[in-house]
Amino acid sequence: MLYLDYAATTPPYEEVVETVAEVMKQHYGNPSSIHRLGMQAEKLVQGSKEIVAGALGVRADEIICTSCGTESNNLAIKSAAYSYRNRGDHLITTVIEHPSVLEVFRQLEQEGFRVTYLPVDNKGIVKLDELKEAVCDETTLVSIMYVNNEVGSIQPIREIGRILTDYPKIIFHVDAVQAIAKLPFRPKEWRVDLCSGSAHKFRGPKGVGFLYRRDGIQLKPQLAGGGQEYGVRSGTENVPLIVGMAKALRLSMEDMEAKTEHRYRIRRRIVQGIAAIPELAITGSELEVEAAPHIVHFSFSGMRAEVVVHALEQRNIYVSTKSACSSGESDPSLVMLAMGCSREQAASGLRISFSEEHTEEDADQLITALRHVVNELAPMLNVPSARRGKRR
Ligand code: PLP
């Protein structure tokens with residue numbers, strides 16, 4: 001089996017599975033209980049926060065544990081919008097955010113907030129001039145993802161932070177779910193106020209994530225209850241998963257530079273292989289500084305992406321399409337449309353995502369399978385195949 005869907009989720013490290021089981025068995029106390037078992041559990045949560053905080057260069061009391069990246073995004077955006085509504089009602093995000101960001105902004109629009117959705121260029125990167133133009137006196141929040149989950153484009157978070165330095169009252173939130181443990185990230189130094197992470201993207205358990213909240217940023221709780229997590233996120237902490245998250249983050253960040261280098265090597269090999277198949281076209285930037293190390297995105301114009309996913313699945317290779325399937329028809333990808341791709345291309349996008357453990361042989365196996373699949377499927381298209389791929 002060749003699992004190449006790491007941007008969707010990752011297999012947890014064996015050690016993480018063992019640690020989670022161990023904590024479930026041995027440390028089931030409630031961290032809010034004042035007796036010894038409670039205090040042991042509380043200590044584990046604190047230790048875990050220190051590890052997460054250390055990985056980001058922030059303080060442990062700036063880490064709020066949540067149930068997933070989706071919750072972190074909801075908490076950050078809604079809480080910041082409501083908490084600072086007295087300052088203004090204008091919010092800024094981009095057209096290519098994950099649904100756990102975009103749908104929150106749609107809800108906020110219904111509640112009377114004004115939202116600017118920044119466009120992206122044909123590489124899937126936000127235009128900084130548009131950001132500068134969009135900022136106004138009523139802007140209270142800018143939310144921009146670090147790595148796009150679909151095409152893998154890297155947003156210039158550091159530059160955006162620099163621009164926002166001139167606007168100290170604006171809260172800057174970054175959805176870093178696809179970037180953490182893949183790319184360098186120093187939220188505090190980069191003037192980021194809030195940032196979301198999710199453990200299952202870096203080989204931790206599903207159902208646990210975190211929100212970094214810079215000291216001093218007010219957040220309006222979205223869950224009423226016992227006031228855990230500094231009053232921001234009520235609910236008994238999921239101690240085993242929090243410990244598992246910290247362990248996974250520590251393991252995945254060990255030798256990160258070497259892992260990143262290796263991922264780019266694998267990426268290069270896959271990109272070269274795809275570029276040699278005339279029916280296929282790589283999406284996004286050709287520059288590695290603008291493309292995440294673990295994601296390759298491409299299209300097989302005219303071919304429904306699900307057909308390719310299933311054809312590869314028959315060869316025991318697992319990749320992803322982000323085009324949701326409705327009544328048997330591919331919906332075009334909004335991210336690809338935003339990048340200026342044709343509807344046909346945007347309905348045929350495929351994502352390959354991998355880990356530092358994949359090898360050049362894995363890359364070659366994928367390319368060989370892709371070549372076979374394309375040869376098999378291309379005759380089903382009713383225009384000459386060589387003309388399709390490179391069209392925009
Ligand atoms: N943000 C991005 C960029 C993602 O890729 C994902 C998951 O795919 C999420 C947020 C949501 O994370 P979770 O699955 O933990 O809710």
Side-chain angles (χ1 to χ4, degrees), residues 3-12 16 20 52 63-78 93-107 117-118 120 124-126 142-155 157 160 172-183 185 187 192 194-212 222-223 233 235 238 241-242 244-246 248-249 252 284 291-297 318-324 333-336 338 349-355:
Y3 179 73
L4 296 172
D5 202 9
Y6 272 66
T9 197
T10 60
V16 168
V20 170
V52 174
I63 299 296
I64 295 161
C65 293
T66 65
S67 66
C68 56
T70 297
E71 187 193 335
S72 301
N73 284 338
N74 271 258
L75 177 62
I77 297 163
K78 284 184 193 163
T93 189
T94 78
V95 289
I96 59 159
E97 298 296 313
H98 187 267
S100 59
V101 168
L102 275 184
E103 293 305 318
V104 178
F105 280 106
R106 300 257 184 255
Q107 280 183 2
Y117 296 91
L118 299 174
V120 292
I125 297 175
V126 72
V142 171
S143 176
I144 296 182
M145 69 195 330
Y146 191 170
V147 166
N148 177 264
N149 50 294
E150 199 173 319
V151 298
S153 53
I154 299 176
Q155 305 306 316
I157 297 302
I160 295 168
F172 182 24
H173 167 248
V174 173
D175 173 355
V177 165
Q178 290 290 347
I180 283 171
K182 311 292 183 324
L183 291 173
F185 186 36
V192 173
L194 299 166
C195 106
S196 308
S198 174
H200 75 103
K201 307 290 184 180
F202 49 79
R203 306 199 55 188
K206 291 171 185 58
V208 61
F210 67 85
L211 179 67
Y212 155 69
Q222 299 304 298
L223 295 175
R233 200 272 186 184
N238 193 332
L241 297 194
I242 291 170
M245 168 166 71
L249 188 57
S252 59
H294 62 303
I295 297 178
V296 178
H297 192 276
Y318 297 85
V319 305
S320 197
T321 162
K322 278 280 124 181
S323 315
S333 143
L334 297 179
V335 174
M336 291 179 75
L350 290 144
R351 180 185 69 189
I352 312 285
S353 49
F354 46 90
S355 78

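All values below were derived from every heavy atom in this structure, side-chain atoms included, with hydrogens, water molecules and symmetry-related copies excluded. Counting starts at 1 for both ligands and their atoms, following the listed order.
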Starting from atom 5 (O) of ligand 1, what is the nearest protein heavy atom, named by residue and atom, and what distance separates them? Gln178 NE2, 2.8 Å
Atom 15 (O) of ligand 1 has as its nearest protein heavy atom Ser198 OG, 2.6 Å
Gap between atom CG of Asp5 and atom OG of Ser353 - 0.5 Å precision: 5.0 Å
When Phe202, Tyr212, Tyr146 are each screened for ring pair (Phe, Tyr, Trp, His ring centres under 6.0 Å) with Phe185, the one that passes is Tyr146
Residue, atom and distance of the protein heavy atom nearest atom 8 (O) of ligand 1 read Lys201 NZ, 2.6 Å
For atom 4 (C) of ligand 1, closest protein heavy-atom neighbour: His98 CD2, 3.3 Å
So, Thr9 versus His200: side-chain donor-acceptor pair below 3.5 Å or not? yes
Any donor and acceptor pair, going by atom type alone, linking the side chain of Arg233 with main-chain N or O of Leu75 inside 3.5 Å? no
Check Gln155 against Val126 and note the closest heavy-atom contact, atom names and distance. OE1-N, 2.8 Å
If you count the atoms of ligand 1 from 1 in the order shown, which ones are under 4.0 Å from a heavy atom of Asn73? 1 (N), 10 (C)
For the pair Tyr117 and Phe105, name the ring-plane relationship: parallel under 30°, tilted 30 to 60°, perpendicular over 60°. perpendicular
The answer for which part of Val177 has a heavy atom under 4.0 Å from ligand 1 is side chain
Starting from atom 11 (C) of ligand 1, what is the nearest protein heavy atom, named by residue and atom, and what distance separates them? Thr70 OG1, 3.5 Å
Applying a 4.0 Å heavy-atom criterion (strictly less than), which segment of Cys68 is in contact with ligand 1: side chain, backbone, both, or neither? both
Could you tell me whether Glu71 approaches ligand 1 through its side chain, its backbone, both or neither, with non-hydrogen atoms closer than 4.0 Å? neither
Answer with side chain, backbone, both or neither: which part of His200 has a heavy atom less than 4.0 angstrom from an atom of ligand 1? side chain
No-hydrogen, no-angle side-chain donor-acceptor test under 3.5 Å, Ser196 and Asp175: no
Determine whether any heavy atom of Lys206 lies closer than 4.0 Å to an atom of ligand 1. no
Is there a donor-acceptor pair under 3.5 Å between the side chain of Glu97 and the backbone N or O of Glu103? no
Heavy-atom distances under 4.0 Å decide this one: backbone, side chain, both or neither, for Asn148 against ligand 1? neither
Verify side-chain contact (heavy atoms from CB on, under 4.5 Å) between Leu249 and Ile180, making sure each step is shown before the conclusion. CA-CA 8 Å; Leu249 188 57; Ile180 283 171; 3.6 Å; yes
Interfacing atoms of ligand 1 (cut-off 4.0 Å, heavy-atom, Asn149): 3 (C), 5 (O)
Protein contact to atom 13 (P) of ligand 1 [nearest heavy atom, distance to 0.1 Å]: Gly69 N, 3.6 Å
Using the side-chain contact (heavy atoms from CB on, under 4.5 Å) rule, take Glu150 and His98 through it: C-alpha gap first, then chi angles, then the decisive distance, then the call. CA-CA 9 Å; Glu150 199 173 319; His98 187 267; over 6 Å; no
Proximal ligand 1 atoms for Ser100, defined as those under 4.0 Å from one of its heavy atoms: 10 (C)
Starting from atom 3 (C) of ligand 1, locate the nearest protein heavy atom and write down its residue, its atom name and how far away it is, to 0.1 Å. Asp175 OD2, 3.4 Å
